[in-house]
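I have placed the structure first, in the form of structure tokens, so that the comments after it can refer back to it.
Numbers restart at 1 for each chain; the letters A, B, ... are given by sequence-line order, proteins then strands.
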Amino acid sequence: MQDLIIKIYDKLYRIYGPQGWWPILSHEGTNPTKKGVIKGYHPGNYDLPIERNDIYEVILGTILTQNTAWLQADKALSHLNQLNALEPEKLLQLDDETLKSAIRCAGFLNQKSIYLKEITRFFIELEGKVPTREQLLQVKGVGNETADSINLYAYKQPEFVVDAYTKRIFTHLGIVDEKISYIKLKNLFQFHLPGSIPVYQEYHALIVEHAKKHYSRKPYEDEILNEFSLK
DNA sequence: AACCAGGACGTGA
DNA sequence: TCACGTCATGGT
């Protein structure tokens, strides 16, 4: 099992290369494997985000992309940027209708407009400090995956991110039961991996990249990771 | 023209 | 805890 988790990572990394997550608007993309939206990815650079507004932008993105294609979240961020609102104090000044129209393309506009302002107030109160997982989970609109995404990609903390794709791939391979909880699956990865921020960041991104290509429509056929199947 | 997208929340067993 | 309905828009 230990080798399995690492071997799968190695193979995905060999195939797809560094993913450059989390994409940031102001950083021009250089990842040729990505179609459509390559803007903002910064493969191989694990120092980002550095600037306060870039950290904030990553956080906004984690909310906007909930159950939504990144392309749409990216558009919403561009709209906010046009409104000069990729800064916490500015976003709070937007009236709700303006905010909703800016993020409409990302769906769930009524909830997400509330969530964005909630997380923004929380972000300001932090005053630059790194939030704990428990603190994040208390913010309305922040669940397990979003909390871990914020910690891993905005604050570079060692929290492994699990998403629907992760569960889909690893249940398909017969490595875990489909009813496994978020926390148990997360702990499985953290137990078998070195506590490396780049590895955590890449592994989740690689899972998403691989799943988009091979797990978006049933029946799932994964000739790439099939050699690791336990079924 | 259904199906899907880098989930979270509220509710009732 | 845990399963289930709901939230919304846009791409394929």
Those residues of residues 145-154 of chain A lying under 4.0 Å from DNA chain B by at least one heavy atom: A/Glu145, A/Thr146
Sugar-phosphate only, base, or nothing, as touched by A/Gly107 at under 4.0 Å among non-hydrogen atoms: base
Most 5' of A/Asn67 and A/Arg217 on DNA chain C, judged by nearest nucleotide: A/Asn67
Spacing between A/Gln138 atom CD and B/dC9 atom P, to the nearest angstrom: 12 Å
DNA chain C contacts among residues 158-166 of chain A, heavy-atom distance under 4.0 Å: none
Residues which pass side-chain hydrogen bond (donor to acceptor under 3.5 Å, both in side chains) with A/Glu89, listed by chain and number, not counting sequence neighbours: A/Arg52
Rounded interatomic separation in angstrom, taking CD1 from A/Ile119 and P from B/dA8: 12 Å
Ring geometry between A/His172 and A/Tyr215 (parallel below 30°, tilted from 30 to 60°, perpendicular above 60°): perpendicular
Euclidean distance for P, C/dA8 against B/dG10 (whole angstrom): 13 Å
Sequence-distant partners of A/Thr120, side-chain contact (heavy atoms from CB on, under 4.5 Å), two or more places apart: A/Tyr56, A/Leu60, A/Pro88, A/Leu91, A/Leu92, A/Ile124
Donor + acceptor pair across side chains of A/Thr98, A/Asp95 (<3.5 Å): yes
Distance, rounded to the nearest Å, where A/Phe108 contributes CZ and B/dA5 contributes P: 12 Å
Touch class at under 4.0 angstrom, heavy-atom based, for A/Gln111 against every strand present: base
A/Thr166 and A/Asp163: side chain donor to acceptor below 3.5 Å: yes
Selection from B/dA5, C/dA8, C/dG11 that lies nearest to any side-chain heavy atom of A/Gln72: C/dG11
Selection from B/dG10, B/dA5, C/dA8 that lies nearest to any side-chain heavy atom of A/Ala69: B/dA5
P gap between C/dC7 and B/dA1, integer Å: 24 Å
Sugar-phosphate, base or nothing in reach of A/Lys112, heavy atoms under 4.0 Å: nothing
Side-chain ion pair, A/Glu209 and A/Lys213, N-O less than 4.0 Å: yes
Between C1' of B/dG7 and NZ of A/Lys167, the distance in whole Å: 12 Å
Note: A/Lys156-A/Asp47 ion pair, threshold 4.0 Å (strictly below): no
Whichever of A/Thr62 and A/Val142 has its nearest DNA chain B nucleotide further upstream toward 5': A/Thr62
Salt bridge present between A/Glu159 and A/Lys186 (N-O < 4.0 angstrom): yes
Pairing residues for A/Glu51 by the salt bridge (Lys or Arg N to Asp or Glu O under 4.0 Å) criterion, not counting sequence neighbours: none
Euclidean distance, atom CG of residue A/Asn144 to atom C1' of B/dC9 [Å, nearest integer]: 13 Å
Gap between atoms CD and C1', on A/Glu118 and B/dC9 respectively (whole Å): 13 Å
Candidates A/Gln111, A/Lys112, A/Glu118 - the one meeting side-chain hydrogen bond (donor to acceptor under 3.5 Å, both in side chains) with A/Tyr115: A/Gln111
Whole-Å gap separating P (B/dA5) and CD1 (A/Ile207): 15 Å
Of residues 95-106 of chain A, the positions that come close to DNA chain B - non-hydrogen atoms, cut-off under 4.0 Å: none
Over 12 non-hydrogen atoms of neighbours within 6.0 angstrom of NZ in A/Lys231: yes
Proximal nucleotide (of C/dG10, B/dG7, B/dA5) relative to the A/Gln66 side chain: B/dG7
Distance below 4.0 Å between A/Lys212 side-chain N/O and B/dC4 OP1 or OP2: no
Under 3.5 Å: donor-acceptor pair, side chain of A/Thr62, backbone of A/Ile59: yes
Phosphate contact (B/dA5 OP1 or OP2) by A/Arg168 side-chain N/O below 4.0 Å: yes
Nearest-Å distance for atom pair NZ/P, residues A/Lys179 and C/dT1: 16 Å
Option from A/Tyr9, A/Phe170, A/Tyr182 for which ring pair (Phe, Tyr, Trp, His ring centres under 6.0 Å) with A/Phe189 holds: A/Phe170
